[in-house]
Amino acid sequence: MKVIHVSAECYPAAKVGGLADVVGALPKYQTNLGYEAAVVMPYYENKYGKSSKHTTDYQTVVDLAENNYKATVYKTDNSLKEFGYHLYQVHIENLLDREEVYGYEDDTERFIAFQKVVLDWILQFAQVPKIIHCHDHHTGLIPFMLTQCTKYIPIRGIPTVFTIHNAQYQGEFSFEKLAYLPEYNLEQSGILEWDYSINSMAAAIKACWKYTTVSPNYMNELPYAATGLDWLFDTERDKSVGILNGIDTDVWNPSSDKMIAKNYTVRTVESGKQANKALLCEKFNLDPKKPLVAFIGRLVYQKGADIMAGIFDRALDANDINGLVLGSGDPHAEFLLNELKEKYPGRYNTYIGYNEELSHLIYSGADFLIMPSRFEPCGLNQLYALRYGTIPVVRTTGGLKDTVKDIGEKGGFGIRHEHVSVDDVALAITRANKLYNDTAEFKRIRKEIMKIDNSWENSAQEYIELYNLIAQ
Ligand code: ADP
């Protein structure tokens with residue numbers, strides 16, 4: 001293979017958020033463009049892991065200071081046919097083989113061990129890849145280990161690309177755990193350090209050959225984004241490239257999506273969306289005649305979870321609309337969103353949890369999708385919404401700014417707002433309601449947005465061009 005993507009998530013094997021969608025799709029599009037790609041990820045004891053068929057590609061023992069763990073790299077059967085690229089899963093006994101991707105006390109240990117096994121595995125390749133492409137902080141120590149650790153001198157020359165999907169999560173841990181890393185010249189410890197800790201993301205930015213952000217606008221925002229790494233993003237700016245995420249149009253396609261009630265195209269959007277909305281409204285006791293405003297996502301501060309109940313409360317009070325939220329996260333936000341159901345019976349509902357199938361039904365059945373994000377590295381939800389003829393209502397930030405143009409502008413097709421406040425978002429929803437009632441314009445925009453090309457082809461090519469710039 002020419003490029004190996006290293007990631008903690010990859011759809012459909014394990015998904016927590018957009019990272020999985022990107023790593024699940026980008027390698028397929030690269031392989032289609034003639035740049036053979038593979039993915040290596042942890043083996044999780046989840047539904048996918050337990051049912052996947054694989055053969056052993058490599059076995060080793062990985063140490064974390066005085067503890068040793070048995071590790072096996074599995075090559076997944078038929079992955080090239082099923083996913084469009086080779087998928088490898090790293091099984092590490094008593095560390096990675098658990099149901100969830102993240103959230104364990106020993107996540108630091110789990111992902112350090114994962115990264116070491118990946119490099120040990122590549123070390124014994126007869127032919128090494130041209131590029132190692134690391135995604136987010138769980139793989140951020142690879143560029144450091146590759147360039148600094150004695151053990152990896154034979155493969156030191158492989159160029160690394162590091163993609164920042166979310167700079168808020170940085171993988172910091174104490175120098176007390178330094179012994180987990182393979183031997184290196186301690187004088188180089190500054191590469192690992194940020195704010196008196198080891199910081200996996202900072203180490204990646206310093207040690208990688210190139211780093212990318214998942215939208216051009218997020219790259220511009222990072223030096224001022226108060227992530228704690230602002231100064232680093234400013235000084236290393238020359239190494240960065242902003243490449244907009246795409247969407248996998250094989251998975252996200254209203255004309256063939258098996259998870260929705262009725263398939264539709266631009267031509268049949270009215271009847272198609274109506275049928276999906278009818279089912280959605282039936283399931284959630286909503287009125288299909290009213291405009292349906294939805295939210296899908298992790299209920300965290302970044303996404304505006306703390307004001308989500310307030311937003312819907314205000315918007316439902318001011319407008320004759322329906323509201324629906326699919327998400328999970330902060331328990332207090334979950335509580336408030338559940339409580340709101342009682343105030344607006346028949347007009348508002350909440351589904352707390354993660355449900356891939358339901359998300360597809362919402363993209364297809366809703367009229368508007370809100371994303372009141374405080375920051376948004378790219379955001380995929382608005383791209384899925386556009387593809388399914390659902391008008392996005394987004395905050396002007398990060399990738400949302402790159403991909404959604406307000407209806408007040410020439411050629412605009414979405415609704416944007418400047419601030420993350422109950423007032424501002426509720427006002428944006430009022431604008432959405434007005435647009436809905438301007439039936440002809442609403443229908444026109446709905447058709448137009450379905451035609452926007454946000455597929456991976458262009459961005460996959462941009463990554464390949466970046467690889468060609470740094471690989472021999
Ligand atoms: P992030 O990676 O920050 O969570 P993105 O917009 O990049 O945000 O990607 C979110 C992805 O996760 C989308 O595919 C979205 O549909 C999905 N998603 C988020 N929450 C849920 C949920 N509760 N149920 C189903 N899918 C969800």
Side-chain angles (χ1 to χ4, degrees), residues 7-26 47 100-103 135-138 163-169 213-215 217-218 225 227 243-254 257 259-260 280 283-284 294-305 308 324-331 333-334 337-338 349-366 369-388 390 392-395 397-404 454 456 459:
S7 172
E9 298 178 38
C10 176
Y11 180 82
K15 172 168 168 178
V16 177
L19 169 64
D21 289 354
V22 172
V23 178
L26 172 61
K47 203 169 150 202
E100 302 300 328
V101 176
Y102 319 112
H135 296 267
D136 265 354
H137 77 82
H138 320 95
T163 294
I164 302 170
H165 296 259
N166 193 332
Q168 192 192 18
Y169 307 105
T213 56
V214 287
S215 70
N217 190 43
Y218 188 54
T227 57
I243 301 179
L244 194 66
N245 279 340
I247 63 172
D248 188 339
T249 46
D250 296 334
V251 178
W252 299 95
N253 186 346
D257 192 331
M259 298 190 216
I260 64 178
L280 203 54
K283 272 184 188 233
F284 290 97
F295 170 84
I296 299 172
R298 295 178 296 119
L299 292 174
V300 294
Y301 184 75
Q302 173 196 344
K303 308 279 179 187
M308 197 61 72
L324 179 62
V325 170
L326 162 64
S328 64
D330 175 51
E334 291 179 356
L337 287 164
N338 265 331
N349 218 327
T350 316
Y351 180 105
I352 298 297
Y354 186 91
N355 189 327
E356 190 73 25
E357 205 166 312
L358 177 58
S359 76
H360 284 243
L361 187 62
I362 296 178
Y363 289 120
S364 66
L369 185 90
I370 64 163
M371 296 180 75
S373 303
R374 289 203 163 74
F375 65 94
E376 197 57 78
C378 176
L380 292 171
N381 300 18
Q382 81 280 15
L383 304 182
Y384 299 146
L386 291 168
R387 178 106 174 115
Y388 284 72
T390 300
V393 178
V394 305
R395 165 144 194 258
T397 186
L400 299 174
K401 190 174 169 189
D402 282 326
T403 54
V404 178
N454 280 310
W456 262 113
S459 302

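One-based numbering, in listed order, for ligands and for the atoms of each. For clarity, every value in this text was computed on a predicted model and none was experimentally measured.
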- Is Tyr388 reaching over with its side chain to a backbone N or O of Asn253, donor-acceptor style, under 3.5 angstrom? yes
- Message: Suppose I only count heavy atoms of Gly353 and a 4.0 Å limit; which atoms of ligand 1 are within that range?
- Response: 22 (C), 23 (N)
- Message: Could you check whether any heavy atom of Lys15 sits closer than 4.0 Å to an atom of ligand 1, since that is the contact criterion I want to use?
- Response: yes
- Item | Any N/O pair Asn381/ligand 1 closer than 3.5 Å | yes
- Hey, are Asp136 and His165 close enough side-chain-wise for a donor-acceptor pair under 3.5 Å? no
- Query: If hydrogens are left out, which of Ser328, Gly399, Gly297, Gly329 has an atom nearest to atom 19 (C) of ligand 1, that is, the closest non-hydrogen atom?
  - Reply: Gly297
- Query: Please state which protein non-hydrogen atom is closest to atom 5 (P) of ligand 1 and give its distance, to 0.1 Å?
  - Reply: Leu380 N, 3.8 Å
- Note on the structure: Here the atoms of ligand 1 under 4.0 Å from any heavy atom belonging to Gly379 are 6 (O)
- Query: Counting only heavy atoms not in Tyr169, do more than 12 fall under 6.0 Å of its OH?
  - Reply: yes
- Item | Residue Gly17 vicinity, atoms of ligand 1 by number, heavy atom under 4.0 Å | 2 (O), 4 (O), 11 (C), 12 (O)
- Item | Identity and separation of the nearest protein heavy atom to atom 22 (C) of ligand 1 | Tyr354 CD1, 3.4 Å
- Query: If you measure from each heavy atom of Tyr363 to ligand 1, is any distance below 4.0 Å?
  - Reply: yes
- Any side-chain donor paired with an acceptor under 3.5 Å for Glu376 and Thr397? no
- Item | Geometric cation-pi criterion Arg387 and Tyr363, 6.0 Å radius, 45° cone | no
- Note on the structure: CD1 of Ile296 to CG of Asn355, rounded to nearest 0.5 Å, is 10.0 Å
- Message: Quick check on contacts: which atoms of ligand 1 are under 4.0 angstrom from a heavy atom of Tyr384?
- Response: 13 (C), 14 (O)
- Task: Using a 4.0 Å heavy-atom cut-off, say whether Leu358 meets ligand 1 through its side chain, its backbone, both or neither.
- Result: neither
- Check salt bridge (charged side-chain N to carboxylate O under 4.0 Å, His left out) between Asp248 and all other residues, then give those that pass, not counting sequence neighbours. Lys28
- Item | Nearest neighbour in protein (non-hydrogen) for atom 4 (O) of ligand 1 | Arg298 NE, 2.8 Å
- Hey, is Pro377 one of the residues with a heavy atom under 4.0 angstrom from ligand 1? no
- Message: Would you say the rings of His138 and Tyr102 are close, in the sense that their centroids are separated by under 6.0 Å?
- Response: yes
- Item | Min heavy-atom dist Cys378 to ligand 1 below 4.0 Å | no
- Query: What's the spacing between Leu280 CG and Ser364 OG if we round to 0.5 Å?
  - Reply: 7.0 Å
- Item | Contacting atoms of ligand 1, where contact means under 4.0 angstrom from a heavy atom of Gly327 | 23 (N)
- Message: Between Lys15 and Glu356, does any side-chain N to carboxylate O distance fall below 4.0 Å?
- Response: yes
- Between atom CD1 of Ile260 and atom CD1 of Ile362, what is the distance when rounded to the nearest 0.5 Å? 13.0 Å
- With backbone taken as N, CA, C and O and side chain as the heavy atoms from C-beta onward, which portion of Lys303 lies under 4.0 Å from ligand 1: side chain, backbone, both, or neither? side chain
- heavy-atom search around atom 7 (O) of ligand 1 in the protein gives Gly18 CA, 3.5 Å
- Message: Nearest non-hydrogen contact with atom 24 (N) of ligand 1 belongs to which option: Asp21, Asp136, Asn245, Asn355?
- Response: Asn355
